[in-house]
Amino acid sequence: MAAPEQILTSLLKPAFDRLVPGADPMLRPSSREGFDFQVNGAMAAAKKLGRSPADVAADVVRAEGLGSLCSRVEVTPQGFVNLRLADDLIVACLGDVAADARLGVAPASASLKVVVDYSAPNVAKEMHAGHLRTTVIGDCLCRMLVFAGHHVIRENHVGDWGTQFGMLIEHLVDVGETSGAHELSVGDLDGFYRQARAAFDASPEMQERSRRRVVALQSGDPDTLRLWRILVEESLRYFDEVYDKLGVELTRDDVVGESFYNPMLDEVVAQLDSKGLLVDSDGAKCVFVEGWTTREGTPLPLIVRKSDGGYGYAATDLATLWDRFGRLGADIALYVVGAPQAQHLAMCFDVALKAGWLPSPERAVHVSFGSVLGPDRKMFKTRAGKTFKLVDLLDEAVERARAAVSSRSAELDVDEREDLARAIGIGAVKYSDLSTDRARDYVFDLDRMISFDGNTGPYLQYARVRCLSIFRRAGLDPADFVGVPVEVGVGEPAERALALALTGFSSAFASAIETWSPHKLCAYLYDLAVVFTSFFEACPVLKAPDETTMRSRLTLCALTAAVLGQGLELLGIDSPERM
RNA sequence: GCCCCUGUAGCUCAGCUGGAUAGAGCGGCUGCCUUCUAAGCAGCGGGCCGCAGGUUCGAGUCCUGCCGGGGGCGCCA
């Protein structure tokens, strides 16, 4: 059996079709007292038929079987239809959720190959708050896609190639390989980069060496490649530490850096040329795509090969499309990249479409996100104008969580408190990022996210912990209450509300993945947690009036814990057992 | 100048692709721990949905024009 709203829609659809073929019943959740859903389609249908909305609504309501699914059906004079689900229906739907290891989420009808490009830090450059968004959102999307049954290929498009490596390698030579490598391995990437930049800017001799070094790198000089690998290796080792701290699933195997595409660029450009897309303009090889203009109103080129013969990032990004849809055979490619790159990516997608690499426009998706702002709503920078190191922000979050844990959970032993502080601190940071619409700019405010009140990660973690503590108290295992068919009592309003909320997991998941919007999953989980805590206050479980009620409520708790646990897992947030 | 994103309570945000009296959290005020974790719950107050037109039975949501914020616009990635 499906979720209640699907059952209702499939029942109402034929009734609407009989009146106006193809009409949408427009079933929506209702916020009206005593009702669960409302049907809004009668007004539009009435307009088409030239009849009164209330009349049409009354017609629709006669649909076969509606009476047995709903305990209350109300038609208003304006033509709204209000529905209250029959308790039996909720119980039956919840029974299906309980009996399903996937908690009602059906696997996707077709398993797709999805390439997800996210995180993409730069070698020898610090990760900052902006990397947090792409990394956390990308990780969450991957988890959701895997859960939906798709084949996910994670690609960490690390910036490991380009002209700046001449400068970086020469700086490595200057400071000595050992100490330079050490500096990078302990995570002082910014320090290394700034020194290199300063030395480069100050010395024409260094600039000349760097230029020669770039040529050596590109021509595959063995010693230069060896030095380059040191930079890359030490940086990747550092990124692994950050990913580990952050609890994201990226590994070394997922690194597909810019250097990986370097050998393909000649071929990519040759193909564009053979398709007649390439135009020479001021010595640069360009593709002009309709609809894009410059400041002056002249056609805007996508420069794939610069006038000095070097490749720009457009070439590399085109190569990713060529590779992902060609060699990898991707069905969909996601680019989890900041909003400022929207135009650049749109142009690359257009070119890939024209070149025939991208089969259709909707297969390449820019999962864009807003900038990270400080609490003052300005770009998130220190007073001195420097970006914050991501690790420092994470450490600060864990530190604050640690302080809260030691004052509130003093009874736990030291190791568990440390794990808890990490779960809460990191979870708080990730949740605050995931829970707002990714399109908007995002205010990074540690005070708010660590306050643990309202729509926060710790609130969800705490709600689940409260479920589990009931089982611990009773010496029971919540696992014994899920995956088995049950019949739950929904006589109390709080029981009924919780049961209904639990049946909504699958549709929340579906809408989140459909729009690549983790915040929709967050909103559902928060609502579920709120409904649960109300239930928790109103309905004693272990001291329930009778054995049947107790078992029923234990099932509701077990399912809540399971859904919250699964939801947090999808978000990439740890679920502690105790707090 | 053109293009993209954005504007909802004092603050941070939802608003399910056009539905009824726009919802949460924080902060403020009032209650609730001898009963499964009070990192909680119940309640009160708080709004010209940036502004002005338009589309229609109906607009926070769609269209146009302004205003304010952010970003992008030929060889940086």
Side-chain angles (χ1 to χ4, degrees), chain A residues 26 28-32 38 40-41 43-44 46-47 53 76 78-80 82 120 122 159 161-164 258 281-286 291-308 310 312-314 316-317 338-344 346 368 370-371 373 375 377-379 404-405 407-409 424 432 435-437 439-443 445 447-449 451-456 458-459 461-463 465-474 507-508 511 515 519-520 522-524 526-527 530 533-534 536-544 553 557 578-579:
Chain A
M26 295 179 66
R28 302 282 183 270
S30 173
S31 56
R32 303 188 87 75
Q38 58 180 311
N40 300 332
M43 276 89 78
K47 182 73 183 168
T76 74
Q78 307 104 302
F80 291 101
N82 294 317
N122 292 307
W161 200 253
T163 49
Q164 76 277 16
E258 290 173 3
S281 173
D282 297 334
K285 306 273 190 209
C286 305
W292 302 102
T293 55
T294 66
R295 215 179 301 249
E296 289 76 32
T298 54
L300 178 68
L302 189 66
I303 298 175
V304 292
R305 185 161 209 170
K306 298 182 287 183
S307 53
D308 67 2
Y313 75 135
T316 314
D317 284 336
Q341 298 214 46
Q343 176 177 302
H344 165 74
S368 104
S371 307
L373 310 177
R377 283 210 137 267
K378 299 269 170 56
M379 288 303 279
V405 165
S407 68
R408 294 181 211 259
S409 306
I424 291 173
S432 77
S435 61
T436 61
D437 185 348
R440 297 172 55 126
D441 287 346
Y442 162 59
V443 176
D445 186 347
D447 287 330
R448 196 184 311 284
M449 56 183 89
S451 75
F452 307 164
D453 286 312
N455 188 7
T456 65
Y459 180 87
Q461 291 169 324
Y462 181 59
V465 161
R466 291 174 108 185
C467 294
L468 297 181
S469 79
I470 293 173
F471 289 91
R472 188 162 42 242
R473 175 68 59 122
S507 73
S511 70
T515 56
H519 85 278
K520 294 187 178 178
C522 293
Y524 165 77
Y526 176 62
D527 180 61
V530 167
T533 37
S534 296
F536 185 86
E537 301 280 338
C539 300
V541 177
L542 299 178
K543 295 194 171 69
R553 290 180 180 172
C557 290
R578 298 193 287 180
M579 285 174 81

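Computation of the quantities below employed the complete heavy-atom set of this structure, encompassing side-chain atoms and omitting hydrogens, waters and symmetry-equivalent molecules. Letters A, B, ... are given to chains in the order of the sequence lines, protein chains preceding strands, and every chain is numbered from 1. Computed from a predicted model, the values in this text were never measured in an experiment.
Contact of Ser409(A) with A39(B) (side chain to base): a donor-acceptor pair of N or O atoms is detected under 3.5 Å.
U21(B) and A14(B) have their P atoms separated by 24 Å, given to the nearest Å. Spacing between C73(B) and C13(B) at atom C1', rounded to whole Å, works out to 32 Å. Look at the C1' atom in both C75(B) and A22(B): the space between them is 50 Å, to the nearest Å. For U30(B) and G45(B), the P atoms lie 15 Å apart once the distance is rounded to whole Å.
The residue Ser31(A) sits apart from the nucleic acid: no heavy atom pair falls under 4.0 Å. Heavy atoms of Cys467(A) sit nowhere under 4.0 angstrom from any nucleic acid atom. Within 4.0 Å (heavy atoms only), Asn82(A) reaches at least one base atom of the nucleic acid. Using a 4.0 Å heavy-atom cutoff across all strands shown, Arg408(A) reaches at least one base atom of the nucleic acid. Nucleic acid contact for Leu373(A): none, since no nucleic acid atom lies under 4.0 Å from a heavy atom of the residue.
For Phe80(A), there are no ring pair (Phe, Tyr, Trp, His ring centres under 6.0 Å) partners at least two apart in sequence or on another chain. Considering only residues two or more places apart in sequence or on other chains, Ser30(A) meets the side chain to side chain donor-acceptor pair (under 3.5 Å) condition with none of them. Here Ser307(A) pairs with nothing under the side chain to side chain donor-acceptor pair (under 3.5 Å) rule; sequence neighbours left out. Scored by the ring pair (Phe, Tyr, Trp, His ring centres under 6.0 Å) test, Tyr313(A) finds His344(A) as partners (sequence neighbours excluded). With sequence neighbours excluded, the residues satisfying side-chain contact (heavy atoms from CB on, under 4.5 Å) with Ala538(A) are Ala494(A). Lys520(A) pairs by the side-chain contact (heavy atoms from CB on, under 4.5 Å) definition with Ser511(A), Ala512(A), Thr515(A), Ser517(A), not counting sequence neighbours. By the ring pair (Phe, Tyr, Trp, His ring centres under 6.0 Å) test, Tyr462(A) is found to be paired with no residue, residues two or more places apart in sequence or in another chain being considered.
If you take CZ of Arg473(A) and C1' of C36(B), they are 6 Å apart, rounded to a whole angstrom. Here A22(B) presents its C1' atom at 13 Å from CZ of Arg32(A), a figure rounded to the nearest Å. One atom, OH of Tyr526(A), and another, P of U12(B), lie 17 Å apart when rounded to the nearest Å. Atom CG in Asp447(A) sits roughly 12 Å away from atom P in G27(B) (whole-Å rounding). Put simply, CE on Met579(A) is 17 Å from C1' on C36(B), counting in whole angstrom units. What separates CZ of Arg448(A) from C1' of C26(B) is a distance of 7 Å, to the nearest Å. Distance, Leu542(A) CG to U35(B) P: 14 Å, rounded to whole Å. One atom, CZ of Phe536(A), and another, C1' of U35(B), lie 11 Å apart when rounded to the nearest Å.
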Protein-to-nucleotide contact annotation, 5' to 3' order, nucleotides 71-77 of chain B [B base; S sugar-phosphate only; - none; under 4.0 Å, heavy atom]: SSBBB-B
Footprint string (nucleotides 13-19 of chain B, 5' to 3'): B base within contact, S backbone only, - free, heavy atoms under 4.0 Å: SSSBS-B
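Syn is the glycosidic conformation of U17(B), whose angle stays within 90° of 0. Glycosidic conformation of C33(B): syn, with the torsion inside 90° of 0.
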When you compare the protein's N or O atoms with those of nucleotides 41-43 of chain B, which come within less than 3.5 Å of each other, and at what distance?
unit_1 : atom_1 : unit_2    : atom_2 : d
C41(B) : OP1    : Tyr459(A) : OH     : 2.7
C41(B) : OP1    : Thr533(A) : OG1    : 3.4
C41(B) : O4'    : Glu537(A) : OE2    : 3.4
A42(B) : OP1    : Ser534(A) : OG     : 2.9

Do any N or O atoms of the protein come closer than 3.5 Å to N or O atoms of nucleotides 61-64 of chain B, and which pairs are they?
none

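Tyr459(A) and Thr533(A) share a side-chain donor-acceptor pair at under 3.5 Å. Between the side chains of Thr76(A) and Gln78(A), at least one donor N or O sits under 3.5 Å from an acceptor N or O.
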Base-pair map of RNA chain B as dot-bracket, where | denotes pairing with a different strand and pairs are Watson-Crick or G-U under 3.5 Å: (((((.(..((((.....[...)))).(((((.......))))).....(((((..]....)))))).)))))....
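Atom CG of Asp441(A) is separated from atom CE of Met379(A) by 7.5 Å, given to the nearest 0.5 angstrom. Note that CG of Asn40(A) and CZ of Arg28(A) are 6.5 Å apart. Values are rounded to the nearest 0.5 Å. Here the straight-line distance linking atom SG of Cys539(A) with atom CZ of Arg553(A) works out to 4.0 Å at 0.5 Å rounding.
A donor-acceptor contact shorter than 3.5 Å is absent between the side chain of Asp282(A) and the backbone of Ala284(A).
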